[in-house]
Amino acid sequence: LDYDTGNRLRFQLELEFVQCLANPNYLNFLAQRGYFKDKAFVNYLKYLLYWKEPEYAKYLKYPQCLHMLELLQYEHFRKELVNAQCAKFIDEQQILHWQHYSRKRMRLQQALAEQQQQNNTSVK
């Protein structure tokens, strides 16, 4: 395994793991198994904050994972994740946010299309 291949593999593994943090049920799973009590694991979460840098964040499909990564820096949040109701609440909030964002984006795209159509008809 050469240096470049090792770095590429590490990048892919860390990318996948960081994105898993967007899933509140996975966070609940980690909490219930005591990972958040392990100092080495908590330090690893701190190390992963480099994903917030634009040159890394651009590869993320689920940017909400960065918010979760940020919250995981706080012991109180890590402790609360043991509770399945906490994970359920976060999951519901993410769905509500996504639905609101989707509707808002659709309205913006519709308004833009109407504006372009008006511009096209006024040019003629």
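We use all heavy atoms of the structure for the numbers below, so side chains are in, but hydrogens, waters and symmetry mates are not.
- Note: Gln110 CD to Leu112 CG = 11.0 Å, rounded to the nearest 0.5 Å.
- Residue pairs satisfying the ring-ring contact (aromatic ring centres under 6.0 Å, His included) criterion with at least one member in residues 58-79, sequence neighbours excluded, are listed as follows: Phe11-Tyr59.
- Here the side chains of Tyr56 and Leu15 are not in contact, with every heavy-atom distance at 4.5 Å or above.
- One finds the CZ atom of Phe17 at 10.5 Å from the SG atom of Cys65 (value rounded to the nearest 0.5 Å).
- Between the side chain of Gln19 and the backbone N or O of Leu60 there is no donor-acceptor pair closer than 3.5 Å.
- For Lys79, the side-chain hydrogen bond (donor to acceptor under 3.5 Å, both in side chains) test picks out Glu75, with sequence neighbours left out.
- Between Leu66 and Glu70 there is no side-chain heavy-atom pair separated by less than 4.5 Å.
- The backbone N or O of Ala31 sits nowhere less than 3.5 Å from a side-chain atom of Arg78 that would complete a donor-acceptor pair.
- Shown here is Gln117, whose CD atom has no more than 12 heavy atoms of other residues, nucleotides or ligands within 6.0 Å.
- At least one donor-acceptor pair under 3.5 Å links the side chain of Asn28 to the backbone N or O of Leu81.
- To the nearest 0.5 Å, atoms CG (Leu72) and CG (Leu30) are separated by 8.5 Å.
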Show me the donor-acceptor pairs within less than 3.5 Å that the side chains of residues 41-49 make with the rest of the protein, sequence neighbours left out.
{"residue": "Asn43", "atom": "ND2", "partner": "Lys39", "partner atom": "O", "Å": "3.4"}
{"residue": "Tyr47", "atom": "OH", "partner": "Arg10", "partner atom": "NE", "Å": "3.4"}
{"residue": "Tyr47", "atom": "OH", "partner": "Arg10", "partner atom": "NH2", "Å": "2.5"}
{"residue": "Tyr47", "atom": "OH", "partner": "Glu14", "partner atom": "OE1", "Å": "3.2"}
{"residue": "Tyr47", "atom": "OH", "partner": "Glu14", "partner atom": "OE2", "Å": "3.2"}

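- Distance check, rounded to the nearest 0.5 Å: CD of Glu114 to CD of Gln109 gives 12.5 Å.
- Distance check, rounded to the nearest 0.5 Å: CD of Gln64 to CG of Asn23 gives 9.5 Å.
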